[in-house]
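Keep in mind the model is a prediction, meaning the values are calculated, not measured. Chain A is the first sequence line, chain B the second, and so forth, proteins listed ahead of strands; every chain is numbered from 1.
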Amino acid sequence: MTGTIGKEPYIEIRGVRKGFSFGAEKVAIFSDLSLNIARGDFVAVMGPSGSGKSTLLNMLSGIDRPDSGKVRIGDSHLEQMGESAKAAWRAHNLGIVFQFYNLLPMLNTAQNVELPLLLKPLSRRQRAERVDTVLDLVGLDGRQKQYPASMSGGQQQRVGIARAIVTDPGLLLCDEPTGDLDCKSANDILEMLRLLNRELNKTIVMVTHDPEAAGFARRTLHLNKGEFTEQFQREPEDLAPQPHRDEAMEQGVARQ
Amino acid sequence: MFSQLKQTAAMTGANLGSLPRRAWIATSMVLSVALVVAVLTGFLSMAKGFEKTLAGAGSASVAIVLGGGTNQEIGSDIPADLIRNLRANRGETGIARDSAGAAIVSREILVPIDVKRLADGVDQTLALRGMDQAGPAVRDGVALSQGRLFAPGSREIVVGARLAGEFAGFGVGDRIRLGSVDWTVVGQFSAGGSAFESEIWADIEAVQSAFDRQGQVQTLRARLESPSSLPPLRATLASAVKTPVAALSEAEFYASQSARTSSLIRLFGWPIALLMAIGATAGALNTMMSSVSDRTVEIATLRTLGFGRLAAFTATWIEAVLLSLVGAAIGAAVSWLVFNGWQASTLGANNTRMAFQLTVTGSVMLQAGLLGLAIGVVGGTLPAFVATRLPLSAALAGRG
Ligand SMILES: Nc1ncnc2c1ncn2[C@@H]1O[C@H](COP(=O)(O)OP(=O)(O)O)[C@@H](O)[C@H]1O
Ligand SMILES: [Mg+2]
């Protein structure tokens with residue numbers, strides 16, 4: 001599961017072409033996109049609306065398939081995998097944070113967070129323990145029984161983050177995670193993502209249109225007309241790939 | 001595999017939890033299924049009630065002899081030499097004999113007649129049955145409640161208890177015109193609530209002459225020595241005449257009569273119910289399609305979390321099946337409450353009115369319920385398939 005340390009990047013996008021057809025018309029989004037992301041990196045992707053940011057994330061999550069080219073994450077070549085294989089891969093390796101949280105309104109906080117754990121061979125008690133652990137981590141301990149409708153946007157997004165990390169995935173994909181939040185809540189969420197990156201060594205790819213939000217990332221990429229036009233890097237010394245540790249989350253929680 | 005179960009259970013739970021959002025359209029599906037089930041239950045319980053009324057009504061020790069290759073009284077014809085032969089036969093015929101040693105047999109003929117009903121003045125078709133003096137003796141449970149039996153050869157009638165109250169001119173001593181001649185009512189009889197109570201009885205020869213049917217006999221009714229005397233009777237009949245005649249026990253006769261009518265009811269009922277079910281299936285399809293579109297974001301979200309297509313299919317399908325199950329249960333329960341024991345009447349075996357009760361049995365509810373369930377099973381399949389094909393990018397795209 002762990003990629004070769006130091007040699008190969010954790011995420012590798014190489015020569016990706018992707019377009020959408022509107023009836024007979026074919027619109028190219030990417031004609032030749034390449035990108036490496038090291039394990040433990042926190043990448044912000046910025047760019048004008050329609051530049052392909054969400055499409056990029058969708059290819060990283062296996063939701064969209066490139067027309068050609070390769071998308072490798074760890075040892076998994078997503079472009080070669082079938083739907084059910086990708087679903088299983090997502091269940092084990094990926095957490096997604098949505099702009100509109102995408103919580104299930106008929107489920108309470110604990111039930112929402114528990115969902116990804118249902119795909120794992122865990123007992124009810126083990127699941128409840130994990131749920132409590134991550135809810136504690138995102139500062140929502142005690143709100144297990146609360147329903148999404150009764151929570152603020154910031155709280156709902158924290159539930160969304162808890163759900164994304166409850167299976168302890170190596171990679172988090174966030175599409176405008178603060179796009180629907182006020183300034184204060186957005187800051188809390190971004191702090192939390194930074195913490196997950198620093199303390200728990202999660203690799204994070206975050207799409208945002210907010211330069212301040214991008215400031216929380218180690219690296220900012222600008223996407224324009226299907227190409228990366230600009231790069232901005234912070235703390236280059238932190239970018240050395242680190243081994244992913246499965247016990248990282250527990251340690252992180254212990255340190256709280 | 002275990003994970004698939006948990007996935008499906010979770011997705012199904014989320015589905016059902018979101019049902020209140022679709023309360024109206026879900027209710028409309030439930031009600032249309034209930035309606036189909038109720039309609040089919042109505043027809044089937046009618047057929048069942050008809051069978052039940054006639055089943056067990058017949059005796060195993062009374063034989064009915066029919067001629068002319070029919071299994072109904074109307075159209076049956078008994079050859080005159082058969083009657084002569086039977087009367088002359090002093091041996092073992094299977095037919096019981098009275099104290100004087102005469103075979104207990106009644107020659108019978110049925111004539112439909114129109115009589116005005118008291119309540120609404122509308123003409124009703126009743127059965128006038130010509131019979132021998134042994135007629136009441138070849139029927140179980142028949143008793144004169146008033147007056148006496150008609151005298152041989154005279155224009156006298158006795159009327160069934162059910163008719164007496166419903167029609168004018170059926171009081172003992174009344175004179176009534178049936179056909180082209182006047183008859184005198186000399187008695188009333190009860191017959192244990194059987195279809196006979198809707199008949200008028202008279203002497204066979206009087207009926208033959210009044211309706212210009214001299215010498216015509218449609219059926220013979222005979223009292224058997226025992227239920228096992230039917231085979232000897234059949235043998236006697238076979239050697240007596242060359243034309244085919246059939247001997248059935250009264251029980252067998254009624255069963256065959258009810259089978260015709262009840263299968264006719266079913267023949268009507270099933271196509272109507274099936275047509276309605278096709279309509280309801282289209283409605284269920286529509287309901288479930290809107291359910292899938294209503295849940296697009298939720299389904300896609302779960303799929304991005306790693307939930308499989310099988311769970312998406314099954315959860316949607318289970319919703320359809322559960323809704324139709326609820327509809328079927330409501331339809332069955334309501335029709336049981338409303339239909340069961342409902343009094344109905346139909347034309348009986350001899351073109352005469354026959355009362356019976358609708359009977360909602362377990363098997364009736366099961367058949368109708370399964371049809372209702374099929375609506376969900378079939379109507380939910382395509383939407384369930386659509387649920388597996390939703391573009392997952394819909395989950396990321398926003399609020400849906
Ligand atoms: N499923 C799709 N079908 C057709 N066109 C799509 C689809 N997804 C995205 N697009 C198009 O691709 C372009 C890039 O979309 P997207 O990646 O969502 O941009 P961004 O997230 O940067 O705003 C847009 O023009 C959009 O209309
Ligand atoms: Mg976007």
Side-chain angles (χ1 to χ4, degrees), chain A residues 20 53-65 82-108 111-124 127 147 160 163-164 166-167 169 173-176 179-180 207, chain B residues 1-23 26 291-316 318-319 322 384-400:
Chain A
F20 292 107
K53 305 182 297 292
S54 294
T55 306
L56 173 65
L57 280 196
N58 288 350
M59 284 192 296
L60 287 174
S61 61
I63 287 170
D64 271 340
R65 188 183 288 279
E83 281 302 322
S84 53
K86 283 195 288 188
W89 173 81
R90 280 196 293 271
H92 290 95
N93 301 283
L94 184 66
I96 302 180
V97 178
F98 303 90
Q99 177 175 358
F100 299 110
Y101 332 126
N102 288 36
L103 304 178
L104 272 60
M106 71 295 291
L107 303 183
N108 66 28
Q111 290 168 328
N112 265 292
V113 174
E114 186 191 18
L115 287 169
L117 295 179
L118 296 174
L119 307 171
K120 306 207 161 233
L122 296 172
S123 72
R124 183 185 290 263
R127 296 201 298 266
Y147 282 83
R163 183 178 63 187
V166 72
T167 56
L173 300 177
C174 314
D175 196 350
E176 313 247 17
D180 214 41
V207 164
Chain B
M1 201 58 240
F2 189 56
S3 158
Q4 288 290 353
L5 282 180
K6 281 192 292 182
Q7 286 181 42
T8 304
M11 261 201 175
T12 307
N15 252 14
L16 300 181
S18 67
L19 261 180
R21 295 203 303 249
R22 307 183 292 280
S291 159
V292 171
S293 97
D294 178 54
R295 295 181 291 114
T296 297
V297 174
E298 285 152 29
I299 296 170
T301 300
L302 288 170
R303 296 265 287 114
T304 61
L305 295 182
F307 281 58
R309 282 188 159 151
L310 185 63
F313 180 93
T314 313
T316 305
I318 287 178
E319 178 183 334
L322 279 183
F385 185 72
V386 168
T388 68
R389 298 280 139 181
L390 286 177
L392 297 195
S393 44
L396 297 161
R399 287 208 151 98

Check step by step if side-chain contact (heavy atoms from CB on, under 4.5 Å) holds for A/Asn58 and B/Leu392.
CA-CA 9 Å; A/Asn58 288 350; B/Leu392 297 195; over 6 Å; no
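- Residue A/Leu173: no heavy atom, backbone or side chain, is found under 4.5 Å from chain B.
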Could you walk me through whether B/Lys6 and A/Arg127 pass side-chain contact (heavy atoms from CB on, under 4.5 Å), step by step?
CA-CA 13 Å; B/Lys6 281 192 292 182; A/Arg127 296 201 298 266; 3.6 Å; yes
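- If you measure heavy-atom distances from B/Arg21 to chain A, the contacts under 4.5 Å come from the side chain alone.
- Among A/Ala164, A/Gly179, A/Pro105, A/Gly95, the residue with the largest count of heavy-atom pairs under 4.5 Å with chain B is A/Pro105.
- Residue contact with chain A, scored on non-hydrogen atoms closer than 4.5 Å, involves the side chain of B/Arg309 exclusively.
- For the set B/Pro20, B/Ser18, B/Ala10, the entry with the most heavy-atom pairs within less than 4.5 Å of chain A is B/Ser18.
- Between the A/Arg90 side chain and the B/Thr304 main chain, a donor and an acceptor come within less than 3.5 Å of each other.
- Using a 4.5 Å cut-off on side-chain heavy atoms (C-beta onward), B/Gln7 and A/Leu118 make no contact.
- Side-chain atoms of B/Leu19 and A/Met106, non-hydrogen and from C-beta on, never get closer than 4.5 Å to each other.
- Taking 4.5 Å as the limit, some side-chain heavy atom of B/Phe307 sits within range of a side-chain heavy atom of A/Leu115.
- Heavy-atom distances place no part of A/Glu114 under 4.5 Å from chain B, backbone and side chain included.
- With a 4.5 angstrom heavy-atom cutoff, A/Lys86 does not touch chain B via any of its atoms.
- Proximity to chain A is limited to the side chain of B/Leu302, based on heavy atoms less than 4.5 angstrom apart.
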Quick one, B/Met11 with A/Leu104, criterion side-chain contact (heavy atoms from CB on, under 4.5 Å). Give me CA distance, side-chain angles, the key distance, then yes/no.
CA-CA 10 Å; B/Met11 261 201 175; A/Leu104 272 60; over 6 Å; no
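- Interface summary for chain A: among B/Ala9, B/Gly17, B/Ala311, the most heavy-atom pairs under 4.5 angstrom belong to B/Gly17.
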